[in-house]
Each structure stands twice: as structure tokens, then as C-alpha cells.
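Heads up: the structure comes next, in C-alpha cells.
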Amino acid sequence: MPLADWLDRRTGWRSLAARARADLSRPVPRHVNALFALGTVAGTFLAVQVATGVLLLFHYRASADAAHGSLEALLSEVPSGWFVRSLHAWGAHLFVATLLLHMARVFVYGGYKRPRELTWILGSVLLLLGLGFAFTGSVLPWDQRAYWATTVGTRMAEAAPLVGEELLRLVRGGEEVGEATLGRMFALHVAVLPLALLPVLGAHLWLVRRLGVSTLEDADVEERVGHARLCEGGEPFFPHHVLQEAFVANLALGLLFLLAILAPAGLGPRADPLETPPGVRPEWYFLPVYQLQKYMPRSLLGIEGNTLGFLASIPPVLLLLALPFLDRSPARAPSRRKGAMALGLLVLGLGGALGVLGYLSNRTVQAFGRTFVFDDRGFPERAAGPATEPR
Ligand code: HEM
């Protein structure tokens, strides 16, 4: 073909295509199952977030006066506006949930061990960026929930030792949550975080392709024998594995569409700085950290309780980043890593328990024909019957 030849002489695309074809036909390890599609599912949800986010930008106004009204107009006047917004809102929940599941899959199969330490660290940064997207995005509707959850969330910055007040002012753009806060969160959500995410995600995926998905053999066996030898007999990445991943990703998209249609994202009353609504709490993924703050003593060794709470949330992040260097044993198979599995279950149990306590805190729940009133720490204050209307 003359055009193809013409282009090849200028770009060398034929040799590039041949190299890509050889790379894509490399087999994947034999133990790979549907759980190994979670990374692709995360990428799929991210793509949905970008596409729906751009559509929302056509209508959204990033100012305290206009933000809420612009979303009201989107919901009532723009064809399918409610659907795009609902996809974006549910997509955020599913994206964070998939990141956590993908991370759990990698942990269970020992995929963070050498030579994939950097892949894990970049993944951890992606998780932090994902949480950053979720937090900054939750401010933008500028309804009561957004306003007061931001007030509570940003207050955590104040607890930072030495620079707490300055940090709070930096995050809020002033003493209180207001116009400047919304502007900052918007800039972070649509410009800073996407620009930060892109190179990290690119490097993460490049490393995944370069090193291949880990096998269940020990890390030192992989180093000795080579990844390619251990994958012999596995299915080719393309088209077999890609088709399986596409199937799982489509199921995930189906779930997202179902949720977006059956439970459309709501919009509360416009933000009112003078009226605190009852039961303000962060989204489910921040609940464990939020709840942990409440169990801190008033002061310890002269350090205030709030500051202790702030300091307590740093080690988990450092542990996450340093995991590949802390767990240096070469074993990958879960059955030979009983200690690591027990630790994983402990973290899951603690996080889950804190999340449940956070969900129950300051709530009145009716169950078994009785009314349970839960205090700030999530403990039942009293159990009295018969059931009455919830608060
Ligand atoms: C936008 C977010 C992310 C995307 C799109 C993504 C994508 C992927 C994909 C497609 C794979 C290969 C297949 C698989 O194992 O699922 C992978 C592998 C991997 N990911 Fe992620 N990932 C993300 C976030 C994370 C996070 C949060 C972590 C952990 C903290 C992580 C750690 C890893 C590791 C260590 C591997 C290699 C696993 C192995 O070889 O067994 N990733 N990622």
C-alpha cells in the first residue's frame, strides 16, 4: 500500500507494530483469574470519570453563588444531565472501592514483592490521588452535606503539629469554608490532580507491562529462572486475556449503569453556613480515619488529642508505601504467608469496625423493635423500646 509505505518510511510504524504484536502475545501466568481484572476495572471507572467529568464541566459553575444552581439546572433542564451526574457520583464510589479491592488482590497474591516494589509504591500514590479526587469532588455540589462535610474534613488540617492553623488557612483559602475553598477544590479536582495522576498511572502501567503480572512462584525463583519461563503454557495476553478482562470490565460498567439509574445521585439543599445539619459525616472511605480521631485521649505527654489523631493517621500511609521493604520474604503463595494474611485480616477488621462505628455514631437506629441511640464514639447510649421515628 503506497500510503502505508510512505508513512513507514517516515515513522517506522511497521517495526513498532511488530514489536507491540510480539509483546502483546506474551503469555500471562497460569494462576491468573477474574480478580486480576480489577486493575483494568479501575482504569475503566477512571475513564468513565474523565468522560462524565468533562460533560459536567460544560454546565458546572465553580462559584459559591452559582455552583448549586448550575447543578439544579443540569438536573432539571439538561437532557440526561441527571444520568451523567449520577454516573460520575457512583463512579467515584466504585473507583475507590475497586482500587481497594485491586490492592487487596495484589496483597493476597504477593504481587508487591521484588521486583515489583515500585509498581506497588506508584499504586499507593494512585490510591492517595484517587482519595484526593473523591474529597475535592465532594465539595463541588455546594449543598449542605458538601459544605459541612468539608468543614469537618478540612478541620483535620488544623490538628497538624506546629503548622496546623496555617495549613487550615491554606486548605480553606481563609478562616472559614467559603468561595476560596470551592475555588481551590475545583482547581485541584480538574487540573492539579489529573495532571499528577497521568504520569503516575502511565509509569504504573508501563511497569506492569515491563515486569509482567507476578507468578505464584517465590520472588527469588522468578529472579533465577526468569518471568517468561514461569509463564510458559499460560494464555497469550492478546486476545485471550484481554477478552476476559473486557468481559469483567463490562460487567463492572453494567453495575455502574444500574446503580446510576436505580439510585440517581441526589442534590441536597444549598449550603447554609449558619445552619449545621444533623449527622454530618464523611464518605465511607474516610470514615475509619475520621472515627479513629474520636478515640484519642484529651492529651498524652502534653500532646493534644486532635494532634494525636492527626499523627495516628500518618503511620498507616507510611506502612502502605513501605510494605514491599518491610515484608522481604520471597514467598508469594498466600498459603505460605500465614503471618501476612493474618495481618491483612487484622487491618481489614479494624478498618471495617471503625467504619461501622463511624456510620453508627450520632445516629438513632431502630432494630428488633427497639430504638438504639449511638453516641459520638458509635457506642449505644441506651436501648429503649418501643421504636420511634429516627432523628
Ligand atoms: C488508577 C488506579 C490503578 C490502575 C488503573 C491500575 C492498573 C493495574 C493493572 C491493569 C494491573 C495488571 C493486572 C492486575 O493485576 O490487575 C496492575 C497491577 C498492579 N497494581 Fe495497579 N492499578 C491502579 C492502582 C493500584 C493501587 C492502588 C495499588 C496498590 C497500592 C496497585 C498495585 C499494583 C501492583 C503491585 C501490580 C502488579 C501486581 C502483580 O504483578 O501481581 N495498583 N495495576
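For the single chain, residues carry numbers from 1 onward in sequence order. Each ligand, and each atom within it, is numbered from 1 in the order the structure gives.
Atoms of ligand 1 lying under 4.0 Å from any heavy atom of Gly43, numbered from 1 in the order shown and given with element: 5 (C). Those atoms of ligand 1 with a heavy atom of Val106 less than 4.0 angstrom away are 33 (C), 34 (C), 35 (C). Near Leu127, with a cut-off below 4.0 Å to any heavy atom, the atoms of ligand 1 are 27 (C). Residue contact check: Arg105 has heavy atoms under 4.0 Å from atoms 14 (C), 15 (O), 38 (C), 39 (C), 41 (O) of ligand 1. Listed by number with element, the atoms of ligand 1 under 4.0 angstrom from any heavy atom of Val213 are 40 (O), 41 (O). Contact atoms of ligand 1 toward Thr40: 10 (C) (distance under 4.0 Å to a heavy atom of the residue).
Note: an N/O pair closer than 3.5 Å links Gly39 and ligand 1 by distance alone. Checking only distances, Ser214 does come within under 3.5 Å of ligand 1, N or O to N or O. Considering backbone and side-chain N/O atoms, His204 comes within less than 3.5 Å of an N/O atom of ligand 1.
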With side-chain contact (heavy atoms from CB on, under 4.5 Å) as the test, would you mind laying out the steps for His189 and Phe133 before giving the verdict? CA-CA 6 Å; His189 193 72; Phe133 267 108; 3.9 Å; yes
Test Leu320 against Leu127 for side-chain contact (heavy atoms from CB on, under 4.5 Å), laying out the working first. CA-CA 10 Å; Leu320 176 76; Leu127 177 69; 4.1 Å; yes
What do the steps show when you test Trp120 against Met103 for side-chain contact (heavy atoms from CB on, under 4.5 Å), and what is the final call? CA-CA 9 Å; Trp120 173 270; Met103 201 172 90; 3.7 Å; yes
Before giving the answer on side-chain contact (heavy atoms from CB on, under 4.5 Å), spell out for Phe95 and Val48 the whole-Å C-alpha distance, their side-chain angles and the decisive distance to 0.1 Å. CA-CA 10 Å; Phe95 178 57; Val48 171; over 6 Å; no
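A salt bridge is defined here as a Lys NZ or Arg NE, NH1 or NH2 lying under 4.0 Å from an Asp or Glu carboxylate O, and Lys113 with Asp220 fails to meet this definition. No salt bridge links Arg328 with Glu117; every basic N to acidic carboxylate O contact stays at or beyond 4.0 Å.
Of the protein's non-hydrogen atoms, the one nearest atom 36 (C) of ligand 1 is Thr119 CG2, 3.7 Å. Looking at atom 27 (C) of ligand 1, its nearest protein heavy atom turns out to be Gly123 O, 2.9 Å. Scanning the protein for heavy atoms near atom 12 (C) of ligand 1, the closest one is Val208 CG1, 3.4 Å. Among protein heavy atoms, atom 29 (C) of ligand 1 sits closest to Met103 CG, 3.4 Å. For atom 2 (C) of ligand 1, the nearest non-hydrogen atom of the protein is Leu99 CD2, 3.2 Å.
For the residues Arg116, Gln49, His102, Glu245, the heavy atom positioned nearest atom 43 (N) of ligand 1 is part of His102. Among Leu118, Val32, Leu126, Thr44, the residue whose heavy atom sits closest to atom 3 (C) of ligand 1 is Leu126. When Phe45, Phe95, Phe36 are checked for heavy-atom proximity to atom 1 (C) of ligand 1, Phe95 turns out nearest.
What you find for Leu122 and Ala203 is that their closest heavy atoms are CD1-CB, 3.7 Å.
Using a non-hydrogen distance threshold of 4.0 Å, Leu205 registers as a contact of ligand 1. At least one heavy atom of Trp120 sits less than 4.0 Å from an atom of ligand 1.
Judged purely by distance below 3.5 Å, without hydrogens or angles, the side chains of His240 and Gln244 never pair a donor atom with an acceptor atom.
At distances below 3.5 Å, not a single donor-acceptor pair connects side-chain atoms of Ser361 with backbone N or O atoms of Gly378. Side-chain atoms of Arg184 come within 3.5 Å of backbone atoms of Leu170 as a donor-acceptor pair (strictly under, hydrogens ignored).
Note that Arg85 lies outside the cation-pi zone of Tyr60, set by a 6.0 Å cut-off to the ring centre and a 45° limit from the axis.
Of all the heavy atoms of Leu201, the ones lying under 4.0 Å from any atom of ligand 1 belong exclusively to the side chain.
Between Phe36 and His241, the distance separating the two ring centers is not shorter than 6.0 angstrom.
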